[in-house]
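Only one structure is covered here, and it is reproduced in the block below.
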Amino acid sequence: MRIDKFLKVSRIIKRRTVANEACSQGRVLINGKVAKPSTEVKVGDIIEIQFGEHIRRFEVLSVSEHVAKGEASKMYREL
């Protein structure tokens, strides 16, 4: 699954266009490497996102195309 879609489906970022822009601006890293919006995400990857001054880190636990709102937080674990 693409990183921009994963961020939207998992509800880490609310809109796919915002996730796409964050990736394009170099604010998203996967396993320490800058991620383009089309970069593939797989289970076990570590995602780092820079929100202003803060950096949040997540471990990917599952990848699914469609997830209910209540289940979205089970797709990742915040580190």
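Put simply, OG1 on Thr39 and CZ on Phe6 are 13.5 Å apart, with the number rounded to the nearest 0.5 Å. Taking NZ from Lys69 and CD from Glu71, the interatomic distance works out to 13.5 Å, rounded to the nearest 0.5 Å. Between the CD1 atom in Ile12 and the CD atom in Glu78 there is a gap of 8.5 Å [rounded to 0.5 Å]. The distance from atom CD of Glu21 to atom CZ of Arg16, rounded to the nearest 0.5 Å, is 13.0 Å.
For Glu40 against Met1, the heavy-atom pair with the smallest separation is OE1-N, 2.8 Å. Asn20 and Arg2 get closest at one heavy-atom pair: ND2-NH2, 4.4 Å. The two residues Met75 and Val67 have their closest heavy-atom pair at SD-CG2, 3.5 Å. Taking all atoms of both residues into account, the shortest heavy-atom contact from Cys23 to Ile3 is SG-CG2, 3.7 Å. Here the closest non-hydrogen pair linking Asp4 and Pro37 is OD1-O, 3.1 Å. Closest approach of Ala72 to Val9, counting heavy atoms only: CB-O, 3.9 Å.
Residues Arg27 and Glu48 are not paired through a salt bridge, judged by the lack of any N-O separation under 4.0 Å between the basic side chain and the carboxylate.
Using a 4.5 Å heavy-atom cutoff, the side chains of Lys8 and Arg15 are not in contact. Between Tyr76 and Glu59 there is no side-chain heavy-atom pair separated by less than 4.5 Å.
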Apply side-chain contact (heavy atoms from CB on, under 4.5 Å) to Leu7 and Ile49, showing your working.
CA-CA 10 Å; Leu7 292 173; Ile49 306 173; 3.6 Å; yes

Assess whether side-chain contact (heavy atoms from CB on, under 4.5 Å) is satisfied between Arg57 and Ile46, documenting all intermediate values.
CA-CA 7 Å; Arg57 297 180 66 200; Ile46 303 295; 3.5 Å; yes

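Hydrophobic clustering (side-chain heavy atoms under 4.5 Å, transitive across Ile, Leu, Val, Met, Phe, Trp, Tyr) keeps Ile47 apart from Leu29. In the hydrophobic cluster analysis, where Ile, Leu, Val, Met, Phe, Trp and Tyr join through side-chain heavy atoms closer than 4.5 angstrom, Leu79 is grouped apart from Phe58.
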